[in-house]
Chemist: 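Before I ask anything, here is the structure I am working with.
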Amino acid sequence: QVQLVESGGGLVQPGGSLRLSCAASGFTLDNYAIGWFRQAPGKEREAVSCISSSDGSTYYADSVKGRFTISRENAKNTAYLQMISQKPEGTAVYYCATDESAYCSDSYNPPEWEYDYWGQGTQVTVSS
């Protein structure tokens, strides 16, 4: 059974840090780009970051550049999103997703509809 499971969400104060994990089962992440998305209350889901399968190149939304870091550990079939200097507008449900053989770059993130497997999401609340 193909599954993506996010974890690591929770309550964090403004300026604080969290690391989200995305664990895959039922398939291997090696040949998949991994994307992180988030959906804030009352807003559409937006792309946050992605990492290619081939060379590890990455994309970051302007709103998170310099504060978020995406990484992958294929040996553990897991991806991560390290978030520092969190802002209240970072409150959202965060999702990971996979896109087979896709490529991410500094200026390109595959469209949302290309991503085939999605996790159930993990809630991140940034509040004092």
Side-chain angles (χ1 to χ4, degrees):
Q1 180 182 0
V2 170
Q3 198 172 16
L4 289 174
V5 178
E6 302 95 337
S7 61
L11 175 65
V12 61
Q13 291 187 341
S17 301
L18 275 178
R19 188 178 80 156
L20 306 182
S21 299
C22 172
S25 60
F27 72 110
T28 58
L29 287 175
D30 297 36
N31 295 323
Y32 288 81
I34 301 159
W36 283 96
F37 296 79
R38 66 185 180 187
Q39 187 166 21
K43 295 188 176 181
E44 292 187 357
R45 189 160 58 189
E46 63 174 352
V48 173
S49 181
C50 74
I51 184 167
S52 298
S53 60
S54 54
D55 60 3
S57 56
T58 57
Y59 163 88
Y60 294 98
D62 287 343
S63 57
V64 306
K65 276 182 181 177
R67 300 186 299 114
F68 288 15
T69 303
I70 190 171
S71 62
R72 60 191 301 154
E73 193 169 358
N74 288 345
K76 293 187 176 182
N77 224 25
T78 301
Y80 306 96
L81 186 68
Q82 177 70 51
M83 307 182 293
I84 66 170
S85 303
Q86 275 282 30
K87 302 178 180 181
E89 52 265 40
T91 295
V93 177
Y94 285 71
Y95 301 89
C96 65
T98 59
D99 186 351
E100 189 171 11
S101 301
Y103 188 74
C104 313
S105 72
D106 187 50
S107 58
Y108 180 75
N109 177 52
E112 190 172 319
W113 57 263
E114 273 195 16
Y115 286 84
D116 35 26
Y117 302 135
W118 290 81
Q120 82 290 347
T122 185
Q123 175 71 46
V124 173
T125 302
V126 185
S127 175
S128 55

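Nothing here was measured: the structure is a model prediction, and the numbers come from that model.
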Chemist: Hydrophobic clusters here meaning ILVMFWY residues chained together by side-chain heavy-atom distances under 4.5 Å, can you tell me if Tyr32 and Tyr115 are in one?
Modeler: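 As far as the 4.5 Å side-chain criterion goes, Tyr115 and Tyr32 are not connected within one cluster.
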Chemist: In terms of hydrophobic clustering (I, L, V, M, F, W, Y; side-chain heavy atoms under 4.5 Å; direct or indirect links), are Val2 and Val5 co-clustered?
Modeler: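 In one cluster: no.
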Chemist: Please name the pair of heavy atoms, one in Gln123 and one in Ala92, separated by the smallest distance, quoted to 0.1 Å.
Modeler: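 Taking Gln123 first and Ala92 second, the nearest heavy atoms are NE2-O, 3.5 Å.
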Chemist: Go through Tyr60 and Thr69 one step at a time and tell me if the side chain to side chain contact (heavy atoms under 4.5 Å, CB included) criterion holds.
Modeler: CA-CA 8 Å; Tyr60 294 98; Thr69 303; 3.9 Å; yes
Chemist: Which distance, rounded to the nearest 0.5 Å, do you find between the OG of Ser57 and the OH of Tyr103?
Modeler: 3.5 Å
Chemist: For Asp116 and Thr98, which I'm curious about, is there any donor-acceptor pair between the side chains at under 3.5 Å?
Modeler: yes
Chemist: When rounded to the nearest 0.5 angstrom, what distance separates OG in Ser25 from CG in Asn77?
Modeler: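 So the gap between those two atoms works out to 8.0 Å.
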Chemist: How long is the straight-line distance from CZ of Arg19 back to OG of Ser17, given to the nearest 0.5 Å?
Modeler: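 Between atom OG of Ser17 and atom CZ of Arg19 there are 12.0 Å.
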Chemist: Would you say Lys65 has more than 12 foreign heavy atoms packed within less than 6.0 Å of its NZ?
Modeler: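 Yes, the 6.0 Å shell around NZ holds more than 12 heavy atoms from other groups.
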Chemist: Is there side-chain contact between Pro14 and Val126, with at least one heavy-atom pair below 4.5 Å?
Modeler: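 Side chain of Pro14 against side chain of Val126, heavy atoms only: contact under 4.5 Å found.
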Chemist: Which of these passes side chain to side chain contact (heavy atoms under 4.5 Å, CB included) with Arg38: Val93, Val64, Leu20, Thr91?
Modeler: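 It is Val64; the other options fail the test.
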Chemist: Treating Ser128 as the side-chain partner and Gln13 as the backbone partner, does any N or O pair qualify as donor plus acceptor under 3.5 Å?
Modeler: no
Chemist: Determine the sole option in Tyr95, Trp118, Tyr94, Tyr59 for which the ring pair (Phe, Tyr, Trp, His ring centres under 6.0 Å) test with Phe37 is passed.
Modeler: Trp118
Chemist: Locate the shortest heavy-atom distance separating Leu4 from Cys22; write the atom from each residue and the value.
Modeler: CD2-SG, 3.9 Å
Chemist: Provide the closest heavy-atom pair for Asn109 versus Ala47 in the form atom of the first, atom of the second, distance.
Modeler: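 So the minimum-distance heavy-atom pair works out to ND2-CB, 3.1 Å.
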Chemist: Just by modelled atom types, is the Asn31 backbone N or O under 3.5 Å from a matching donor or acceptor in the Asn74 side chain?
Modeler: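 Checked: no pair found.
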Chemist: Starting at OG1 of Thr122, measure out to CG of Leu81 and round the result to the nearest 0.5 Å.
Modeler: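 The OG1 atom of Thr122 sits 11.0 Å away from the CG atom of Leu81.
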Chemist: If we only count heavy atoms from C-beta on, is the Val12 to Met83 side-chain gap below 4.5 Å?
Modeler: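 Answer no - side chains too far apart.
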Chemist: For Tyr108, is there any backbone N or O sitting under 3.5 Å from a side-chain donor or acceptor partner on Ser105?
Modeler: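 Indeed, once roles are kept as given, a pair shorter than 3.5 Å links the two residues.
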Chemist: Look at the side chain of Arg45 and the backbone N and O of Glu112, then say whether any donor-acceptor pair between them is shorter than 3.5 Å.
Modeler: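 No, because the side chain of Arg45 does not come within donor-acceptor range (under 3.5 Å) of the backbone of Glu112.
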Chemist: Between Thr58 and Cys104, is there a side-chain heavy-atom distance shorter than 4.5 Å?
Modeler: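 No, their side chains stay 4.5 Å or more apart.
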Chemist: So does Cys96 get a backbone contact from the side chain of Glu6, meaning a donor-acceptor N/O pair under 3.5 Å?
Modeler: yes
Chemist: Just wondering, do Ile34 and Tyr80 contact through their side chains at under 4.5 Å, heavy atoms?
Modeler: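 No. Closest side-chain heavy atoms not under 4.5 Å.
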Chemist: Assess the side chains of Thr78 and Ser21: does a donor N or O sit below 3.5 Å from an acceptor N or O?
Modeler: no
Chemist: Any donor-acceptor pair under 3.5 Å linking the side chain of Asp99 with the backbone of Ala33?
Modeler: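 Side chain of Asp99 to backbone of Ala33, a donor-acceptor pair under 3.5 Å: no, none is there.
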Chemist: Quick check: closest heavy atoms across Arg72 and Ser52, and the distance to 0.1 Å?
Modeler: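 In this case the closest contact between Arg72 and Ser52 is NH1-O, 2.9 Å.
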Chemist: Looking at every non-hydrogen atom in both residues, tell me the closest pair between Val124 and Gly9 and how far apart they are.
Modeler: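 Closest approach of Val124 to Gly9, heavy atoms only: CG2-CA, 4.1 Å.
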